Amino acid sequence: MLSSVDDVTLMKVAEALGEEDAIKLIDILKNAEETTDDEIANKTGIRLNSVRKILYKLYDHSLVSLRRTRDPKTGWFIFHWKLQPDQLEGFILSQKRRVLEKLNVRLEYEQTHDFYYCGSAECKRVPFEEAVELVFHCSGCGKPLVHFENGVMITRLGEKVEILRKELGE
Ligand SMILES: [Zn+2]
């Protein structure tokens, strides 16, 4: 069931959540009608605490639904989780939009600033205004700051923005 949820989608969701184990977890969820945190922990070997943490993250993004019942013997709550596959696509789209917004901000920053740089890998570029204040000497290593050509960077950023725009149909 839910064959429409392919591995690439799962990977993207896991990546967006910052949880590598989310892939295994969603994999179990997509092959079950409904499942409990205990079952997921047993099947994946992921610690119960981690399973719950990831489930709540998924729940926060409406990617899973939750039903609670009470164990008649112990009186404890049992949580039943169910994947909401139709939400996955929307989630990925909104993630892409967020990335696009960030890229656009970055691109505009690169386009509207002149940068100066000492050339050392461990030091940072600084915008013109800051370079003036530093009298064109790096605050990290003391070497002179020279103009940094960011044209290549702007081109690359522009390409990424274009790809995302197309994927989002904008
Ligand atoms: Zn430096």
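Atoms within each ligand, like the ligands themselves, are counted from 1 in listed order. Keep in mind that this is a model prediction, so the values were computed, not measured. If you read the sequence from its start, that first residue is 1, and numbering goes on from there.
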Query raised in the report: Stepwise, does the ring pair (Phe, Tyr, Trp, His ring centres under 6.0 Å) test hold for His147 with Tyr116?
Result: CA-CA 4 Å; His147 186 252; Tyr116 286 78; 5.3 Å; yes

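- When the options Asp37, Thr69, Thr35, Thr36 are evaluated for a side chain to side chain donor-acceptor pair (under 3.5 Å) with His80, the one that passes is Thr69.
- The set of protein atoms (N, O or S) found at less than 2.8 Å from the Zn ion (ligand 1) reads Cys118 SG, Cys123 SG, Cys138 SG, Cys141 SG, by chain and number.
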Below 3.5 Å, can you tabulate the donor-acceptor pairs from side chains in residues 154-165 to any protein atom, sequence neighbours excluded?
unit_1	atom_1	unit_2	atom_2	d
Thr155	OG1	Gly151	O	2.9

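- Under the salt bridge (Lys or Arg N to Asp or Glu O under 4.0 Å) criterion, the residue pairs touching residues 55-74 are Glu19-Lys57, Glu34-Arg67, with sequence neighbours excluded.
- Pairs passing the salt bridge (Lys or Arg N to Asp or Glu O under 4.0 Å) check and including a residue from residues 122-146, sequence neighbours excluded, read Glu110-Arg125.
- In the hydrophobic clustering of this structure, Ile78 does not group with Leu25; members are Ile, Leu, Val, Met, Phe, Trp, Tyr whose side-chain heavy atoms approach within less than 4.5 Å, directly or through other members.
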